[in-house]
Every structure is written in C-alpha cells, then in structure tokens.
Amino acid sequence: MGDGTRFPDREIVFFGGKGGVGKTTLACGYALLAADRRRKTLLVSTDPAHSTGDMLETSLTDEPLEVVPNLWALEIDPEREADRYIQDVKQRLVESTAPRLLQEVERQIDIARVSPGAEEAALFDRFARILDETRGRYDRVVFDTAPTGHTVRLLSLPELMGAWMSGLISRRHKVNVLSRMWRNVAGAAAGDERPQTDPVLEALRKRKVRFEHARRTLTDATRVAFVFVVIPERLPIIETAKAVKLLKKYQVPVGGVVVNRVLPSEVQGDFLERRRHREQQYLHDIERTFAAFPIFYLPLGATDVLGVDALRKLVTQLPLDGRTT
Amino acid sequence: MSTRRTGGNIWSRIRRRIRAAREIYEGLYVAPYRAAIHREYLRERDLFFLIGFADLLGTPNPVAFYTLELYPDLIEQFHEWHLRMGMPHSPVDGFRCC
C-alpha cells in the first residue's frame, strides 16, 4: 500500500484525530524516532486529559523534562497557566489601583478566572509561547493534541481572536485621538497630563502581535505539518474529513494521514475474514477521501503499544527514510 | 523673568488683558466645540469599555480573558463612568468598584 512517499518531516508536527485512534501513540513514536536520529525534540501534549506521560511510562509536568536522550516532553496545564496569568494581573492591580477599589476588583477577577473560555485562552497562550520560544532551541516540536474539535478550535483561535483584537485596537485608537483633541481644547480643565503611550493600547497590540505570530507559524507549510490519525472505521473517517476541511479554511497545512490498526494479512479465521471484508471498504473510503494527502498504514498489533521500546518498534514501520511499507 | 510682581507694571497689565480677551474669545467660540468634543470623547471611551468588557453585562465576550489584563489601567475610568451616569454605585452586578 505504500507509495514511496516520505513521512512529513517538519520542524513542527501535529498529531490529531478522533478520540482513541492513536494520536498519542503516533506523536510519542514520531518524537522518539526524531530524538533517536539526534534531533533535539520537544514533545508537547495540548490535551487537557493528558496521556502522553502514561504512554511514555513517566510523569510529566508543565515544564520540559528529558525522557530519553534528545527527547524532552511536557504537558500543558491550562489551570496552572490561568492561575499564573490571574496572579500577574492581580500583581499589577496592587501597583496601580486605589486600595479602596482593590478588594472588589480582585473579586471580579476571580469570577473571570472560572468563566467559560478562561482555560481555553490560557492553554492557547502557553501554546503560542511554545511556538515562539522553541524556535532555534529545538529541531523538532511534536504536538500530541486533544481530540479533533478541541484542536481545530485551538488552531483557529489566532484568526478569531486576532480579528477581535483588531476591532478593540481601532476603537481604542479612536478614544486616544479624541482624548488628545479634548486635551488640546480644554487646557487645564482636562486635568493631569497623561503619559504619551497608552498602556491599554500597548497591551492590546502586544496580544495582537502574538496572535499574528502564532497564525503565521501555523500556516507556514515549510515549517508545519498536521498529521491526522484514523482507524479504518466509519466515524473516525467522517470526523477527520470534516477536520481536514476546517484546517484548510484556517490554512493549516495537512501533511498526511496515518491509518492505524489495520488488520494484518497473516491473521485468519472466519470472524476476522468478515471484519477484513468490511475494513477493505473503509480503506477504500480513506483512499478516496484523503486522496490529496500521503497516506501511511500501521498494522494492528497483538499487544498494546506502551513504553519507549514498543513505540520504537511500531514507528520504524513509518517511511521516514523514504522506505515503503 | 517673572520675578516682577504683578500690579502696576505695564507689561503684566497688558498680559492680563490679553488673557482676559482670550478667555472671552474661547468662551464664545471654542467652548461649544469643547463640550461636543468632550461628549464625543466620553462616548467613545464608554463604547470601548462596553466592547472590551461585554461579559460584565452578560454578553459573551470571546476575549474576556485577554481584556482582564486591562483592568488595572481602566478601573478608575469605570468608576468615573458610573458616577457621570448619575449612579453612586456601580450598575454592574459583580463589579462594585466602590
């Protein structure tokens, strides 16, 4: 089934797909393979329900931890990330707010901390920072992502948030222009002179730059590849086809599709023959649906894939050297 | 330069007259615009507040988490706003800044 196509080998590789298809297995295996080839590799889990550490049979934190030589791994912790941000804001409040207001404002901020979207935004923030800071420090950054919907959302945030920020910036700009006009005509009535730079505008611009930067990175096909993992079953195929369309909309380059858990030809029996018959149709569907992308196949094993050795054995079957399977 | 005391000195009298004339001029011509500009400035500022902090009024705001960091710089203005609206206390539930 191999067509001689090489597996996408980019600076930043995402593994995504429906829940339970083997994203973590593939991400860990690919990262290991890169590390074994002496590429300094960072493996990042963006799934709030982390399983990367379990797969590598170690416990990971929010900071990079060396798992095997050349391979570092971390699991983004949205809660910790949100707390850190809130602490930051509170710290600045203490410096700039009148004491009589402080308590109530802090209460308001604690409400915002638990509001919907807070942890998503915090996760995205850390994600964007990793995209930024790893450049030049690692040869490969491999993302083990959350199931499809969550990840598509994460990758679409730079565009959605960027547009919102632009709106806020232009409004704020107008406020400042009018403020200047008012100061010019009002003289002393306008009160104390404000500093020349508006901290609000500065903060908004900084955010926008970060969104733009993340977006530029994510849409750069020379640096990024998103690899979908599917299994030859109906629902994963449908869900992945939808996700491919969405990534196209957000211009995130798809680098290939890995079909995981294909029944090996040597297993036999009446029951398996029937399954195989059904599977053939799904494999055909996959070839048709994802014809635009390189497709790679991995067989179903007799035992679970768990731990570094089993992972290594599994991914050597991927055509990273241009070998076919 | 300005060590001279005000009073009998002819130059300072002239200066006072000029200032008085300018105030009359401003009162006649600039003041109406000044009020309009001030109104427009406050309106635009409130609008920014509404867009940036729509969540405070119960409207979903996708960037609420990111505008949180603007609180320290905007809290005093929010206070001014509701005082100006004739409300001694904040109208927004959960945002009682005073």
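In what follows, chains are A, B, ... by sequence order, proteins preceding strands, each numbered from 1. Worth knowing before you read on, the calculation uses all heavy atoms, side chains too, and leaves out hydrogens, waters and symmetry mates.
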Item checked: Qualifying residue for salt bridge (Lys or Arg N to Asp or Glu O under 4.0 Å) with Glu212(A), from Arg216(A), Arg210(A), Lys208(A) -> Lys208(A)
Item checked: Heavy-atom pair count under 4.5 Å with chain B, highest-scoring of Asn176(A), Ile109(A), Asp88(A) -> Ile109(A)
Item checked: Under 4.5 Å from a heavy atom of chain A, the part of Leu74(B) involved -> side chain
Checklist line | Greatest number of heavy atom pairs closer than 4.5 Å to chain A - which of Leu42(B), Asn61(B), Asp73(B) | finding: Asp73(B)
Check: Looking at Glu81(A) and Arg84(A), does any basic side-chain N land under 4.0 Å from a carboxylate oxygen?
Finding: yes
Notebook entry, point to check: Non-hydrogen atoms of chain B under 4.5 Å away: do they reach the side chain of Arg207(A), the backbone, both or neither?
Noted result: side chain
Check: Leu160(A) versus chain B, heavy atoms under 4.5 Å apart: side chain, backbone, both or neither?
Finding: neither
Note to self: Just checking Arg129(A): does its CZ atom have more than 12 heavy atoms from other residues, nucleotides or ligands closer to it than 6.0 angstrom?
What the structure shows: yes
Next item on the list: Identify whether the distance between the nearest side-chain nitrogen and carboxylate oxygen of Arg19(B) and Glu23(B) falls below 4.0 Å.
Entry: no
Notebook entry, point to check: Would Glu69(B) and Lys206(A) pass as an ion pair if we require N to O under 4.0 Å?
Noted result: no
Item checked: Residue among Gly52(B), Pro62(B), Ala36(B) with most heavy-atom pairs under 4.5 Å to chain A -> Pro62(B)
